[in-house]
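Computation of the quantities below employed the complete heavy-atom set of this structure, encompassing side-chain atoms and omitting hydrogens, waters and symmetry-equivalent molecules. Chain identifiers are assigned alphabetically (A, B, ...) following the order of the sequence lines, protein sequences preceding nucleic acid strands; residue numbering begins at 1 within each chain.
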There are 2 protein chains.
Amino acid sequence: MVQYITPRLDASFAALSDATRRGVLEQLGRGDASITELAEKFHMTLTGMKKHVGVLEQAGLVTTEKVGRVRTCKLGRRRLEEEAAWIESYRQLWDTRFDALDEIVEELKQREKVDGRKK
Amino acid sequence: MVQYITPRLDASFAALSDATRRGVLEQLGRGDASITELAEKFHMTLTGMKKHVGVLEQAGLVTTEKVGRVRTCKLGRRRLEEEAAWIESYRQLWDTRFDALDEIVEELKQREKVDGRKK
DNA sequence: AATATACTGAACCATATGGTTCAGTATATA
DNA sequence: TATATACTGAACCATATGGTTCAGTATATT
């Protein structure tokens, strides 16, 4: 069984729970951007955007580098592997669980049919 | 392009950002459970667990039904499809982005080699 | 040298989160 | 009928979140 690093999943799922931050990730996927550029694109103050970038950086999803007076943001090395894996394993659990339930439902339907005939 | 329902992703990613709640989902994958059972398993007050279950329910990941004095919690109908899809599309973006970068790095390496020879 | 740009940090604000306790209500059990 | 069980809701608490403004600092540009 895969071992998940809990605080990491906490941080990355929390980072992904905000639409602005998901938008920033998508944006950075199309090219690096400065804080100013991101702030404008998402109609927010510089300070506000800096905080969002900070959250993404903490989660390892973004890296930044300051050159001159401009801080450039890029996608980080993390590719959401662990997050994808967690969700995938949950989906398998879900499938198993509901396949099992479906069998029971089928059985109940069968029984109902039989009971119907008896009446 | 797939359309994501933003408040839904917000709610489900937020729900997944807590280790206790992820644990509850895994637990319910192995079988239904009452609030009391979950509270005990996760060393928490009934009230505390009820709140977590409420968050999962809001996100559509869990459903509950009260029979007599016991409220039974089950996995909800949502299978994290949208969440998986968002992450998958992000991973594709990431791959494209970094494959492109790798090419540039390769090119720079080549150029360096040539420059080296020239000296 | 003066001005404009890009960010940074502190402080503030309202609301949310993750937990608790305590005082109920409703339902089983003896 | 009395008691135990299972939950519920309100209130409280500390801390986090998502945003702002305002007052800087550092770097470019003119």
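Taking the six-membered ring where tryptophan is involved, the planes of Phe13(B) and Phe13(A) are essentially parallel, since the angle between them stays under 30° and well short of 60°.
In terms of hydrophobic clustering, with Ile, Leu, Val, Met, Phe, Trp and Tyr side chains grouped at heavy-atom distances under 4.5 Å, Tyr90(B) and Phe98(B) are assigned to a common cluster. Hydrophobic clustering, with ILVMFWY side chains joined whenever heavy atoms are under 4.5 angstrom apart, keeps Val24(A) apart from Val70(A).
If you take CZ of Phe13(B) and P of dG18(D), they are 15 Å apart, rounded to a whole angstrom. Atom CD of Gln58(A) and atom P of dT17(D) are 10 Å apart (whole Å). In this structure, Arg22(A) atom CZ and dG18(D) atom C1' are separated by 15 Å, rounded to whole Å. Protein atom CG of Asp10(B) is 15 Å distant from nucleotide atom C1' of dT17(C), rounded to whole Å. Between Ile35(B) atom CD1 and dT5(D) atom P there is a gap of 18 Å when expressed in whole angstrom units. Regarding Asp18(A), its CG atom lies at a distance of 9 Å from the C1' atom of dT17(D), rounded to whole Å.
Searching all strands for a Watson-Crick or G-U wobble partner of dT8(D) with both distances below 3.5 Å returns dA23(C). Shown here, dT15(D) forms a base pair with dA16(C); the pair counts as Watson-Crick or G-U wobble because both key distances fall under 3.5 Å.
Sorted by residue number, the members of residues 37-56 of chain B with any non-hydrogen atom under 4.0 Å from DNA chain C read Met44(B), Thr45(B), Thr47(B), Gly48(B), Lys51(B), His52(B).
Using a 4.5 Å cut-off on side-chain heavy atoms (C-beta onward), Leu25(A) and Leu16(A) make contact.
At the phosphate of dG18(C), OP1 or OP2 sits under 4.0 Å from a side-chain N or O atom of Arg21(B). Regarding contacts with the backbone of dT8(C), every side-chain N or O of Arg69(A) stays at 4.0 angstrom or more from both OP1 and OP2.
Classification of Arg97(A) and Asp32(B) as a salt-bridged pair holds, one side-chain N sitting under 4.0 Å from a carboxylate O.
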- request: Evaluate the criterion salt bridge (charged side-chain N to carboxylate O under 4.0 Å, His left out) for residue pair Arg8(A) and Glu82(A); output intermediate values, then yes/no.
  value: CA-CA 9 Å; Arg8(A) 215 138 101 157; Glu82(A) 254 186 306; 3.1 Å; yes

